[in-house]
**Q** 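My questions all concern the structure below.
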Amino acid sequence: MQLATAAMLLATTVAACGGGSDDGAKASAPKAPATIPELTKDPLTLSFIWFDWPPAHALEAFANAEYKKDRPNVTVKVNTVPNANWHDAMFTQFAAHKTDFDIPILDSQHIGEAVTNGNILDITDFVKKNIDVNAYNPYLLAAYGQFPQAETGKRDENASMYGLPLLGDTWTMIYRKDLIGDKPPQTWDEMISAAQKCQTENPGISGLAFHQANGSDAAAVTYNTVNGVYGGNLWDPKTRKIDGVLNDPAGQEAMDVLVNKMKPLTAKGSGNWFIDEVNAAVAQGKACIAFNWIAASGGLLDPKQSTLGTTREQILDKLGFATLPTQKTNLVPLGGMGMHVSAYSPEANQAEALNFMKWFEQADIQKKWAAAGGVPSRTDALASPEFLNAGPFNKVYADSVPRMRDMWNVPEYARLVDIENTNVNAALNGAKKPKEALDDIAKGQQGVLDSGKGKGGGGL
């Protein structure tokens, strides 16, 4: 490394505890410098880690095509792992205080665990000097970089920043225009009725396709989405109360709707479906209405992967994409991820990571990222023709940003989501009754929070 100032990257590093700390009140992340240190002229590989899905491959191709124009000596490598292994693949290396990646792509809920263990750099000063924070919806900056988290829709300008947006995301409703009509259902109840009618009228086609798997956050996001639209809450972040909040009457109604009204409209054997299985059902013409992440939906327009048409236009004659229906509220799940800097990366790579982040967040680069298939977070990029014209679901995302709700942004997230996934999956597959599953989630999650010492931020 050429400059002595580069040593600032690790100068304040403290010993990370390696495991899943519960102390959300004591962040120990080392600080990055405000000014990017001098960059190396030697060949360098800048490594990311993400899970294996189309945006990961799009990012590698995009970065090697565009970032190399500024930094021809740098090769970008996006290492991928199965989605179910994503968290552990990162945090196992974090615990060893040695990573083979420079930029971990973290889910919003992973940030607290990484911060309290000192695994990623505090980039607050860097952000203040290099990033136009006014160019973003405040909640997107908070969700993908801030800890402790703010309440939904807001950003605490005094909170520290540990990441910047990489990919925005939410669910889109995918519907068969040729089977249920051009106009999408406007309420959740209307959606269920339309799916039931479509299934009855079209033998061999299921009314609904959605995530049910006991892995990653699949089943949990499905329940949390239904919980939100029926007026439920996942917890009270101020009191860290889950039992009695999640399983209140609104929460119970949401679980009843999911298990007793939605599940019967799904295909046999779909109890462990996630992103790929839902997409396959849509592409093979086996679902009337489906829900999936926007960033994972691009392949639905590929004639090579679809039986719905031999051209993109023919497929779009049959498929429509809409924002989620409302019910008692209009909430939608916040997806997407931020990019961060590993505290254990070599100094030259940390400097390169900061430079990449500054480069990536520029307005023109964000528009190019949108055109390449990414989902940007800058407001100007979201409103740009490059984004809105890149896919029929992109306007869905832009319209959904004000409606987003996240999960619990606390260091205990991984254990909380495991409890919820297991029990929602059990209810969907008939191993538990809906009320029993919901009560077990609430009690199990409350036990996790009560055993912790911290007061992690909200996000709901």
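Numbering starts at 1 and runs along the sequence shown.
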**Q** Considering only heavy atoms from C-beta outward, does the side chain of Ile289 approach that of Met191 to under 4.5 Å?
**A** yes
**Q** Between the side chains of Asn214 and Asn425, does any donor sit under 3.5 Å from an acceptor?
**A**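 The answer is no; no qualifying pair exists.
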**Q** For the ring pair (Phe, Tyr, Trp, His ring centres under 6.0 Å) test, which of Trp86, Phe94, Phe91, Tyr344 pairs with Phe101?
**A** Phe94
**Q** Which is it for Asp418 and Tyr413 under the side chain to side chain donor-acceptor pair (under 3.5 Å) test, yes or no, and what are the steps along the way?
**A** CA-CA 9 Å; Asp418 284 348; Tyr413 163 76; over 6 Å; no
**Q** Any side-chain donor-acceptor pair under 3.5 Å between His97 and Asn119?
**A**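 Side chains of His97 and Asn119: no pair found under 3.5 Å.
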**Q** Parallel, tilted or perpendicular, judged at 30° and 60°: which one describes the rings of Phe356 and Phe48?
**A** perpendicular
**Q** Give a yes or no on whether the backbone of Asp42 and the side-chain of Thr40 come within a donor-acceptor separation of less than 3.5 Å.
**A** yes
**Q** What distance do Met255 atom CE and Met262 atom CE have between them, rounded to the nearest 0.5 Å?
**A**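 Reported value, rounded in 0.5 Å steps: 12.0 Å.
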**Q** Rounded to the nearest 0.5 Å, what separation is found between the NZ atom of Lys367 and the CG atom of Leu382?
**A**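 Lys367 atom NZ to Leu382 atom CG measures 11.0 Å (nearest 0.5 Å).
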**Q** Nearest 0.5 Å, please: how far is CD1 in Ile120 from CD1 in Ile111?
**A** 6.5 Å
**Q** Between Gln212 and Asn272, does any side-chain donor sit less than 3.5 Å from a side-chain acceptor?
**A**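 Asn272 and Gln212 do not have a side-chain donor-acceptor pair below 3.5 Å.
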**Q** Mark yes or no for whether Ser270, through its side chain, and Ala267, through its backbone, hold a donor-acceptor pair below 3.5 Å.
**A** yes
**Q** As a test of understanding, state which of Asn227, Asn330, Thr225, Asn224 forms a side chain to side chain donor-acceptor pair (under 3.5 Å) with Arg405.
**A** Asn227
**Q** Begin with the C-alpha distance, continue with both residues' side-chain angles, and end with the deciding distance and a verdict on ring pair (Phe, Tyr, Trp, His ring centres under 6.0 Å) for Trp273 and Phe210.
**A** CA-CA 7 Å; Trp273 282 15; Phe210 54 83; 8.9 Å; no
**Q** Keeping the roles fixed (side chain from Glu277, backbone from Phe274), state whether a donor-acceptor pair exists under 3.5 Å.
**A** yes
**Q** Going from CG on Leu166 to CD1 on Ile105, what distance comes out if it is rounded to the nearest 0.5 angstrom?
**A** 5.0 Å
**Q** Side chains of Thr124 and Asp122: any donor to acceptor distance under 3.5 Å?
**A** yes
**Q** Apply side-chain contact (heavy atoms from CB on, under 4.5 Å) to residues Leu334 and Thr170 and explain how you reach the verdict.
**A** CA-CA 5 Å; Leu334 180 141; Thr170 190; over 6 Å; no
**Q** Can you check whether Ile294's main-chain N or O pairs, donor with acceptor, with Asp169's side chain at less than 3.5 Å?
**A**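 A pair under 3.5 Å: yes.
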**Q** Passes ring pair (Phe, Tyr, Trp, His ring centres under 6.0 Å), Tyr136 versus Tyr144? Steps please.
**A** CA-CA 11 Å; Tyr136 301 81; Tyr144 302 133; 9.8 Å; no
**Q** Taking 4.0 angstrom as the limit, do Asp399 and Lys395 come out as a salt bridge?
**A** yes
**Q** Would you indicate whether the side-chain heavy atoms of Leu164 and Phe360 approach each other to under 4.5 Å?
**A**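 No; the side chains remain at least 4.5 Å from each other.
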**Q** Could you check whether atom NZ of Lys318 has more than 12 heavy atoms from other residues, nucleotides or ligands sitting under 6.0 Å from it?
**A**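 More than 12 within 6.0 Å, yes.
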**Q** Take a 6.0 Å sphere around NZ of Lys68 and say whether it holds more than 12 heavy atoms from other residues, nucleotides or ligands.
**A** yes
**Q** Within the distance-only criterion (no hydrogens, no angle test), does the side chain of Ser297 pair as donor or acceptor with the backbone N or O of Trp293 below 3.5 angstrom?
**A**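 Pair found, side chain donor or acceptor close to backbone of Trp293.
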**Q** Looking at Lys304 and Asp302, is there a salt bridge between them, counting it only when a charged N and a carboxylate O are closer than 4.0 Å?
**A** no
**Q** Return the minimal non-hydrogen interatomic distance between Ala353 and Val341, and the atom names on each side.
**A** CB-CG2, 4.0 Å
**Q** Output, in order, the C-alpha distance, side-chain angles, deciding distance and verdict of side-chain contact (heavy atoms from CB on, under 4.5 Å) for Met357 and Met339.
**A** CA-CA 8 Å; Met357 292 165 76; Met339 51 185 167; 3.9 Å; yes
**Q** Are more than 12 heavy atoms from other residues, nucleotides or ligands located less than 6.0 Å from atom CD of Glu157?
**A**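 Counting other residues, nucleotides and ligands, CD of Glu157 stays at 12 neighbours or fewer.
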**Q** Hey, is the main chain of Ala351 close enough, under 3.5 Å, to the side chain of Asn355 for a donor-acceptor pair?
**A**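 A pair under 3.5 Å: no.
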**Q** Before you tell me yes or no, could you show the steps for Asn83 and Ser216 under side chain to side chain donor-acceptor pair (under 3.5 Å), namely the whole-Å CA-CA distance, both residues' side-chain angles and the distance that decides it to 0.1 Å?
**A** CA-CA 6 Å; Asn83 188 296; Ser216 185; 2.4 Å; yes
**Q** Kindly indicate, with the supporting measurements, whether the criterion side chain to side chain donor-acceptor pair (under 3.5 Å) is fulfilled by His211 and Asp217.
**A** CA-CA 9 Å; His211 304 164; Asp217 57 5; over 6 Å; no
**Q** With no hydrogens and no angle check, is any side-chain donor or acceptor of Asn137 less than 3.5 Å from a backbone partner on Val401?
**A**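 Here the side-chain-to-backbone pair does not exist.
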**Q** For residues 51-64, which residue pairs pass the side chain to side chain donor-acceptor pair (under 3.5 Å) check, not counting sequence neighbours?
**A** Asp52-His57
**Q** Is a side-chain donor-acceptor pair under 3.5 Å present for Asn292 with Asn279?
**A**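 Note: Asn279 and Asn292 side chains meet the donor-acceptor criterion.
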**Q** Would you say Thr326 and Thr187 are linked by a side-chain donor-acceptor pair, where the criterion is simply a distance under 3.5 Å?
**A**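 The answer is no; no qualifying pair exists.
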**Q** How far does CG of Asn349 sit from OG of Ser47, to the nearest 0.5 angstrom?
**A**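 If we round to the nearest 0.5 Å, Asn349:CG and Ser47:OG are 7.5 Å apart.
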**Q** Measure the acute angle between the ring planes of Trp188 and Phe291, then classify it against the limits of 30° and 60° as parallel, tilted or perpendicular.
**A** parallel
**Q** Answer yes or no: is there an ion pair linking Lys69 with Glu66, defined by an N-O contact shorter than 4.0 Å?
**A** yes
**Q** Can you check side-chain contact (heavy atoms from CB on, under 4.5 Å) on Trp171 and Val396, steps first, answer last?
**A** CA-CA 9 Å; Trp171 272 15; Val396 172; over 6 Å; no
**Q** Does Asn409 form a side-chain contact (heavy atoms from CB on, under 4.5 Å) with Phe147? I'd like the steps, not just the answer.
**A** CA-CA 8 Å; Asn409 294 98; Phe147 186 78; 5.6 Å; no
**Q** Answer yes or no: is there a donor N or O on one side and an acceptor on the other, between the side chain of Glu201 and the main chain of Gln199, under 3.5 Å?
**A**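 Pair absent, no side-chain N/O of Glu201 close to backbone of Gln199.
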**Q** Gly285 and Leu308: which non-hydrogen atoms are nearest, and at how many Å?
**A**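 Looking at all heavy atoms of both residues, the closest pair is CA-CD2, 3.8 Å.
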**Q** On the 0 to 90° scale, with breaks at 30° and 60°, tag the Phe393-Phe321 ring pair as parallel, tilted or perpendicular.
**A** perpendicular
**Q** Under 3.5 Å, side chain of Gln362 to main-chain N/O of Trp359, donor-acceptor pair present?
**A**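 Yes: the side chain of Gln362 pairs with the backbone of Trp359.
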**Q** Do NZ/NE/NH1/NH2 and the carboxylate oxygens of Asp182 and Lys177 come within less than 4.0 Å?
**A**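 No.
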**Q** Quick one: does Leu121's side chain get under 4.5 Å of Pro30's, heavy atoms only?
**A**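 Yes, close enough: below the 4.5 Å cut-off.
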**Q** Of all heavy-atom pairs between Asn421 and Gly215, which one has the smallest distance, and what is that distance?
**A** ND2-O, 3.7 Å
**Q** Indicate yes or no: at least one non-hydrogen side-chain atom of Val424 is less than 4.5 angstrom from one of Leu258.
**A** yes
**Q** Does a side chain donor of either Glu352 or Tyr67 reach within less than 3.5 Å of an acceptor in the other side chain?
**A** yes
**Q** Could you go step by step and tell me if Asp102 and Gln350 meet the side chain to side chain donor-acceptor pair (under 3.5 Å) rule?
**A** CA-CA 7 Å; Asp102 309 304; Gln350 288 182 341; over 6 Å; no
**Q** Does the Arg378 side chain pair with the main chain of Glu361, one donor and one acceptor, at a distance under 3.5 Å?
**A** yes
**Q** Does the side chain of Leu141 come within less than 4.5 Å of Pro138's, by heavy atoms?
**A**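 Not touching, per the 4.5 Å side-chain cut-off.
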